[in-house]
Each structure stands twice: as structure tokens, then as C-alpha cells.
Amino acid sequence: VDHDSPWRGFLTALAALAGLLGLASGTAALLGFALGWAALLALAAAVSRRSLGWARVRRRTAPSAFEGDLLTVDLLLENHGHHPLRFALVEDVFGAGLADRQAVLEPGPLPPLHRRVLSYRTFVARQWGVYTLGPLSVGRHDPLGLFLGRRELAGLAPFEVFPKAVEVEALSTSGGRSRVAPRDVTAPAAGQSLLFRGVREFQAGDDVRRIHWPATARRGTPMVREHERDLQPVFALFLDLDRRGRAGLGRKSTLEYLTRVGASILWTAHRRGDAFALAAEADEPLVLLPAQGEAHLAAALHHLVIARQRGRLPLLDVVERHGDLTPPGATAALVSSTTEMDLDQLERTLDSLRATAARPLLVVVDSLSFPPVDRPPTPVEVARELRHALAERLRSLDVPVAILGPDDTAEDMLRRPDFFDLGRELGG
Amino acid sequence: VSALASALLYLLSLNAVASALLAWGRATPLRLVGWAVGLGLALALGERLGGSLATIEAKRRSRLGVFLGTIHLSVLVLALVLAAASPTPRLLRFLANVLCGYQLLVLLLVRLTPHPRGVVGHSLALTALASLGGGALAAWAASSALGLTGLFVGLDHHRRLLSAHRLPDGPYVGRALWRTALLVLPVAVVVGLAVHRAAPARGLVAPPAMEEGFVPLDEQPKQGLDTRALRAVVVTGLMGAVAVYFVGRWLVRSKRGAKRTMEAPEPLRGEIEPIPEERRGSASLPEYHGRRGRIVRAYLNLLRGAERAGFPRRPDETPREFARALEEPRPALGAATERFVVARYGPYDVDEGDVAEAESAADAVLGHLARHPPRRRARVVRDVGDSSDWR
């Protein structure tokens, strides 16, 4: 909405001309017209500045969205004053949109001590990252629309844009759930599932929230509830945030590819109903224990979009350090930022994962084929050699692998049903 | 609102043409009625032509508008300077006739640009031409032009505002007109009266026209004709405006069934509902009764005045901190603050003397702020919501 009046400058110029002409010719009417317009301008400015102090605005929206989502933002306008509110203009700044300023109009009358929800819809047009919502402001034009009096409120809030997640079709055959016929999802052993198993005596370290008060009263000693162990399939994502994997810039950077691949893998696991975990080592360790649900997905994606490649621990060491995230039957997705891996260590890591009945798979972003940023470029032959050697080794181990380069579009590749066969073909 | 704005544009044009003709041209009632009809037809054609002009690319239209506008403005300024510098009857009559004719063309191109600046500018030029004559007609021309222009600008603003937010303008016509009229008409009336009082007689009187030749006495224009012509133009103008309004409404309604573009979503507005009690307490203006209430209200008025002057109280500021920050006028500010603190937080009742002292102190502070505006203070942003889902 354009707040600049098309008439203010134009009519002021004409009135000034009229005033000049009136002065030159001694015409009172022209002078009167110019002065009248000046008075109107002053009155309009004064009216527009009349306080909207009793108007309050609050915002309600999701704190995050995926790239390209259509989002509805609700603005709650409240009139706490003693007079009806008319032609109130509520403005918001949506940093993740293409047109960041959004305005909604309440023509009124909004009676005293009443409120109304006004909404606007906007596309999340920016790339993944953290943006700002707000500040909110409420204002009103003077009756001629020459001035806009505006009062800025707070309402500053972060808004996270997650990478556009695509469903990785190739994972449908390698997930934890589809490997066996329908089975029990819990085991008759103490765990964290919702299935009640029984009560036992309180032991040091037990969560006090689990105390079963009726049993405690009956027995005269603290008793706690026990639940069965959860056997939901677990999907663990190990992300390589080693600083040595940094390469490329902007949309053609290894961080971009890592984030997009990671988001899509987590999204696919979430859609399939798996409990999923995330482990990475940047400045500090990042570990999200296996869990399910939208809130958990949002937490995982949040960590993905704020993650930076500042770590010093190679991916294989990360897997070793957080091996407890892959219980029996889990799928472990290793997303590496480089093909420069110790192949023997890789083999040992994959073997150890398999030894716990976990199923490994590997997605490699070939940083050597991206434009280097903090080291000399690697000869093409060497990069190709490393890629082939890695693919060959993984093929021999029968581990699904996909290798992405700067010429690949992450989303397109992830959608392909033969996503993990491409890497193996490279090795063959 | 659109139809009403068109009617006002028509009235503005007709008023300007009639004023110029009455001042300098040969204005008979019949001729003025002819102009009224002609201007109405030109505006209607111009509105209809708007659809065809809309097919031209906006950038090209804008360029054409700027080009024609520049020429138009130059011609008008030249004409007015000529008229003011060397006013001869022939020149003034010539200019009045030419510019009145030109008004028809300007109305035909009313929708060439998004805002009909050409029509308004040309009408004001005709008004200026009429004003050069001075007298009651000039006062009328200036005040009516100011009033009609203001009304048109106000309605145009409301039309644009409602249309930008995709709200139907029908329910808001009355309110828009009332708001605008309340601001504009008093100023216009004051201007008219002031101009008439300042220069009641005709100022710039053209010298007798020797070149006009002999005109028989019974054919010479009579003074009474002006009144009849003015009456005719007012009646015809009002009738024409009503006609333009209804034609405009008909045009708007005939387009109502047209398909909208896919990109025009409906406005999303919920129902009006009362604010829950628990939300009212913190933000509503509390009701204060009795003498304490009068002191509190006086202090709140003081705060509002300070805010208007650019010195808002910060949310975390106590009354005494605020008084220290504002500094001047120290005695009155101190008295108002202390009376407020006692009335608002003190255990003892206050008497009429306290109320009078608080009110006079608050008035003194407001008077001082009006005479000596304080340094502007940045507004501190407040957290607007405490609910977790409303951010």
C-alpha cells in the first residue's frame, strides 16, 4: 500500500503558485486559496497525529515455515479506548516475504473494548534462514489522506524459514519400518513408551514425575510407574559440519546442500512416522535424541538452519561418538560434506553400525568439486579419483550411497527413486 | 465512493468554468446550462474511455501523462501570468473561453493517469483566472474550489484506501464524506468570508474595451444577469452532479459481475468480539471517580500533552523519574507529579484545594510545552503481548 498521497505535493505546489500569483497581482482570493490550503495541510497533519494510544495489536502466526509456503498471519486489533476506532491501519513487517511490509485496514467502527482479527496472507519468498517479524505499527490517515500518523508497537519476533523439504522416495525401501512384517511396537522391558508396564520401588535417579501416588500410599514407600520400552523405528541423521568441508558460495555451497539434504531426510522420516535423531558437531555438539512429532521436527530443522560448518570433528568420529542414537533396527543416514574420507575407518564405522543391526546409508556432498573458499583448488582428476574410490568401496560394502556435486540440484536428485543407485553406478 | 468522487470532480470543473465565464466571458443562463451538459457528457465519455486507455501499457500511459501534463502546466502558467500581467478584456475573455473549452478535453482524458491531476489542476487554473477579477465572485471561486478540491481529495483517498485493501466502499461513503467535510468545509467557509471581507469589490477591473466597438444599450450585459446565471449554474451543477453520481453508480454496478484476477484474495477479517475481561484490566483506561479521579485525569492529560510534544513517558518510568527527565517547568511539573502520587497511591483523601492545584499545575505544564517544545525523545518499544501464541 502506497502511503504517499498523490495530492499533497501537487496541490501544495499549485497553492504556492497561486500564492505567488496573488502576491504579484495583489489578488486576495488567490492569497486566500493558498493560505486556506496551508491551513488544511496543518489541520490534516494535526489530525493524523491524534493519538491511537488505546489501540493494541498482537500477532499470531506459526514461528516457522518452509520455503515457498503460503502463510496466514493474524493481527488482533483491540480498542481499549472510549471511542469507536475507524480507518485504523495496522502494519507489519514480514521479513521472509518478498514485499516485506504488510498492511491491513480496519475501516471500523470498532466499538470500545472490542477487538477484531485481521489477517494477511503472504508467501515465504526468501531462502532458508532466520528472519524478523515486526515491528507492528498502528496508524491512521487524516481525512484527506495527506498524512499518516503511525505509532510503532513492539511485536518483534524471529521467524525461521526451513529449506523446502522433499520426500526422499529412495528412503522408502531403506527405512526402519518397512523391513519386516507388522510387529509389536513396544517391548516388555522398562522404557519410555506410553504403554504402562507396572509399578516398582523408587530408585535413586528416577524422575519424581513418575511417582505413582496411590501405590506409594498403599505401600508406604515411594513407588514409580514403569512403561514399556519403545520400539518405534529410529532414523538417525549424522551431519558433517566439519570446517574442512566448506566450499562454494550461496546456493552453490556445501552448507546449502547439507542443509537441504538433511531437511529432506528428516522430513521423510517424520512423514513416515519414525522417531528421528540428529547428531552433528559444529562449534559445540548438537544432539537431538530420538523422538517423534511436529515439534521435534521443528526443533531439528531449527538446528539445521542455524548450523554452520565450524566443527573440527570428522563425520566418522561424530558417528562413533554418538553411536547410542542408533538402537537395533535403526537407519543411520550419514551426510558427509566431502569425499576425502578415510575409507578404512569408514568401513569400520559401517561395520559397527551393522553389528548393532542398524542400517547405514550415505549421502556425500563432493566439496572438492565446488569452488574452494579457503584452500587451493583440487585437481579435477584427484577429485574424480576420490569420488570413484569412495563409491567403489561403498558398492563393495553394499551400502546405499549418493554423491552430489554442484551441477546437481538437491531437490531434483532427492526426488529420484534411484537416488542411492546413482552413487553405486559411479563406483561400478 | 467512486461515483461520489466523480460527481465532485464534475462539480469542481463546472464551478471553475462557470466562475471563469461569469468573471470574464459572456455568461448567459442558457450558455451555462450548455456548459454543464457538455462537461457532464465529457466526464461520462472520459470515464468510459478509461477502459480503453487501461489497455495501454501502464508505463507508456504514464509517460504520455507526464508529457501532456508538462505541456498543460506550461500553458496554464503562461496564460495566468499573461492574465495577471496585462489584463485586457479581450485577452481575459479569450483565455476564459479557451481554457473552458480545454476543460472538455481534460475531462475526456480524465482516466489517462491514475489520479485526475489534470482535471483538478485545470479547474484550479480557471478558478485563479476568475479570482483575478476580485469581488464576491472571486471569494466564491476561491472558497468553493478549496472546498470541492478538499472533498474530492478526501473521497479519492478513501476510495484508494478501501480499494487497496479490497474492501467494498459502499458502507463507508457517509463516514468518508462526513470526515472530509468536517475538516474541509469550515476552512473553505472561513477563506470565502475572509477574502470577501478583505476585497469586497472587484479588484482587477479590465479597462473599458475601446476595440469592442459600439454595442446598443439594450444588448449590453446587465448586472442582474450574474445573479441569474449564478443561480442557473448552481441548480444545473447540482442536477448534473446527481446525474453523474447515478451514472457513476450504474457504471460501477455494471462492472461488478466482471471476473476478478486470481491474485486478488478476499480480505481476511474476523468478527468483532468483546475484549475478554482479563485483557481489559491491564490496558484499558481506568475509570477514576471523585477528587482523586480528577487529579489522575489531569496528570494523564499532562502525559498525553507531553507525548504529543514528542516527549512520551517510558513504560518503566515512575512519575518522579518522568518529571526529572522532562525538567521544565520544574515547579508546576513537581506540583502536578506530587499531587498525582498522593492521589493515586496515598492513603489519605484529597481535598478541593489539591484538585485545583493539580489541575492548574497540569495546565501550566501543558502551556509551557506548547510554548517551548521539549527535546524529542525516542519512543521506547513496548512488548505488546504476553500470550505465547500471540507474538
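Residue numbering restarts at 1 for every chain, and letters A, B, ... go by the order of the sequence lines.
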Handout entry: Under 4.5 Å from a heavy atom of chain A, the part of B:Ala194 involved
Key = neither

Handout entry: Side chains of B:Leu80 and A:Leu17 in contact at under 4.5 Å (non-hydrogen atoms)
Key = no

Handout entry: Portion of A:Pro109 that has a non-hydrogen atom of chain B nearer than 4.5 angstrom
Key = backbone

Exercise for the section: Below 4.5 Å from any heavy atom of chain B, which atoms of A:Leu105 appear? Answer side chain, backbone, both or neither. Expected result: both

Handout entry: CG-NE2 distance between A:Leu118 and B:His165, expressed to the nearest 0.5 angstrom
Key = 10.0 Å

Practice task
Would you name the heavy atoms of A:Asp142 and B:Arg179 that are closest together and state the gap between them?
Solution key: C-NH2, 4.2 Å

Problem - From OG1 (B:Thr127) to CG (A:Leu30), nearest 0.5 Å - result: 9.5 Å

Completion exercise
CG of A:Leu89 to CG of B:Leu161, rounded to nearest 0.5 Å, is 6.5 Å

Practice task
Report yes if some heavy atom in the side chain of B:Val195 is under 4.5 Å from a heavy atom in the side chain of A:Phe33; otherwise report no.
Solution key: no

Exercise for the section: Identify which part of A:Ala18 has an atom lying under 4.5 Å from any heavy atom of chain B, answering side chain, backbone, both or neither. Expected result: neither

Handout entry: A:Arg86 vs B:Arg175 side-chain heavy atoms within contact, under 4.5 Å
Key = yes

Problem - Validation row: B:Arg160, A:Pro6 side chains within 4.5 angstrom (heavy atoms) - result: yes

Completion exercise
Turns out that what part of B:Val153 lies under 4.5 Å from chain A's heavy atoms comes down to both

Problem - Straight-line distance of A:Thr27 OG1 to B:Leu132 CG, nearest 0.5 Å - result: 4.5 Å

Exercise for the section: Identify which part of B:Val77 has an atom lying under 4.5 Å from any heavy atom of chain A, answering side chain, backbone, both or neither. Expected result: side chain

Completion exercise
Assert top hit (heavy-atom pairs under 4.5 Å, partner chain B, pool A:Ala24, A:Pro111, A:Pro112, A:Ala28) equals A:Ala28

Practice task
Could you tell me whether B:Glu271 and A:Arg116 make a salt bridge, using a distance below 4.0 angstrom between a side-chain N and a carboxylate O?
Solution key: no

Fill in the blank from the handout: chain B shares the most heavy-atom pairs under 4.5 Å, among A:Leu31, A:Leu77, A:Val104, with A:Val104

Problem - B:Val187 versus A:Ala39, closest heavy-atom pair with distance - result: CG1-CB, 4.3 Å

Handout entry: Candidates A:Leu11, A:Leu40, A:Leu35 - the one meeting side chain to side chain contact (heavy atoms under 4.5 Å, CB included) with B:Leu146
Key = A:Leu40

Exercise for the section: Find out whether A:Arg115 and B:Ile272 are in side-chain contact, i.e. whether some heavy atom of one side chain is under 4.5 Å from a heavy atom of the other. Expected result: no

Practice task
Check whether the ring centres of A:Phe10 and B:His115 lie less than 6.0 Å apart, and answer yes or no.
Solution key: no

Problem - Pairwise side-chain contact, A:Trp7 with B:His157, heavy-atom cut-off 4.5 Å (strictly under) - result: no

